[in-house]
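Heads up, the thing below is written out as structure tokens.
What you see is a predicted model, and the numbers here were worked out from it, not measured in a lab.
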Amino acid sequence: MNATTSTEADLLARCHLVSACATGLTVIIEGKSETRAWSSINSAGATIVEHGGTDIFVLALSFNDLRTFVVGELEPAWTPIIEQLHIHLPGVEPFASWAPRLIETPGVVNLFGA
């Protein structure tokens, strides 16, 4: 593994989404857990990527501190985030509405914000 890959892997290990509930999203940053309000999300987008020979949905959430967290459908945080996303972000449709469109027309779906 080269130095760049190691640094990227270290960064991903230090910053990730853990879960979501009505009060917000739990993230880990530099080993510390914090809850972020749904209102601190600036934008949300989704796409489909190949992972281990299988296509999976991936969601990117950008926050007002310019951090972007990415979560894939195989991660434990996926279900609670997807269940809450359309409830707390104005204009976001439920997963069952946008997922089929993304399957039909691959690319990136802007769910919320810019």
> Can you name the closest pair of heavy atoms from V92 and H86 and give their distance?
Replying inline: O-CB, 3.2 Å
>> Starting from F57, can I reach F112 by hopping between I/L/V/M/F/W/Y residues whose side chains sit under 4.5 Å apart?
In response: yes
> Relative to each other, are the rings of F69 and F63 parallel, tilted or perpendicular (30° and 60° limits)?
Replying inline: perpendicular
> Is I48 close to I103 at the side-chain level, that is, under 4.5 Å between some pair of heavy atoms?
Replying inline: yes
> If every non-hydrogen atom of S40 is compared with every non-hydrogen atom of A37, which pair is closest and at what distance?
Replying inline: OG-O, 2.6 Å
> Would you say T47's side chain and G107's backbone share a donor-acceptor pair under 3.5 angstrom?
Replying inline: yes
> Taking the side chain as C-beta and beyond, is there a heavy-atom pair between W78 and V58 under 4.5 Å?
Replying inline: no
> Looking only at heavy atoms, which two atoms of S19 and A77 are closest? And how far apart?
Replying inline: N-CB, 4.0 Å
> Using 4.0 Å as the upper bound for N to carboxylate O, is an ion pair formed by E34 and R36?
Replying inline: yes
> Where do I29 and R67 land on the side-chain contact (heavy atoms from CB on, under 4.5 Å) test, with the steps shown first?
Replying inline: CA-CA 10 Å; I29 299 174; R67 281 196 168 99; 3.6 Å; yes
> In terms of the angle between their ring planes, are W38 and H88 parallel, tilted or perpendicular, with boundaries placed at 30° and 60°?
Replying inline: parallel
> Could you give the distance from CG (N64) to CG (N42), rounded to the nearest 0.5 Å?
Replying inline: 5.5 Å
> Considering all heavy atoms of both residues, which atom of A20 and which atom of I81 are nearest to each other, and what is their separation?
Replying inline: CB-CG1, 3.6 Å
>> Quick check: closest heavy atoms across L61 and A44, and the distance to 0.1 Å?
In response: CD2-CB, 3.5 Å
> Does the pair I87 and L85 meet the rule for a side-chain contact (heavy atoms from CB on, under 4.5 Å), with working shown?
Replying inline: CA-CA 5 Å; I87 296 169; L85 197 64; over 6 Å; no
> When you look at V27 and H16, which way does the side-chain contact (heavy atoms from CB on, under 4.5 Å) test go after all the steps?
Replying inline: CA-CA 6 Å; V27 299; H16 61 278; over 6 Å; no
> Given side chains that start at C-beta, do those of H51 and E73 come closer than 4.5 Å, heavy atoms only?
Replying inline: no
> OG of S33 to CD1 of I28: how many Å apart, nearest 0.5 Å?
Replying inline: 4.0 Å
> Looking only at heavy atoms, what is the nearest atom pair of E30 and C15, with distance?
Replying inline: N-SG, 4.3 Å
>> Using 0.5 Å steps for rounding, measure from the OG atom of S39 to the CG atom of L89.
In response: 9.5 Å
> Could you walk me through whether I82 and L59 pass the side-chain contact (heavy atoms from CB on, under 4.5 Å) check?
Replying inline: CA-CA 9 Å; I82 290 299; L59 180 68; 4.2 Å; yes
> Do V49 and V108 share a hydrophobic cluster, counting only Ile, Leu, Val, Met, Phe, Trp and Tyr and linking them when any side-chain heavy atoms are less than 4.5 Å apart?
Replying inline: no
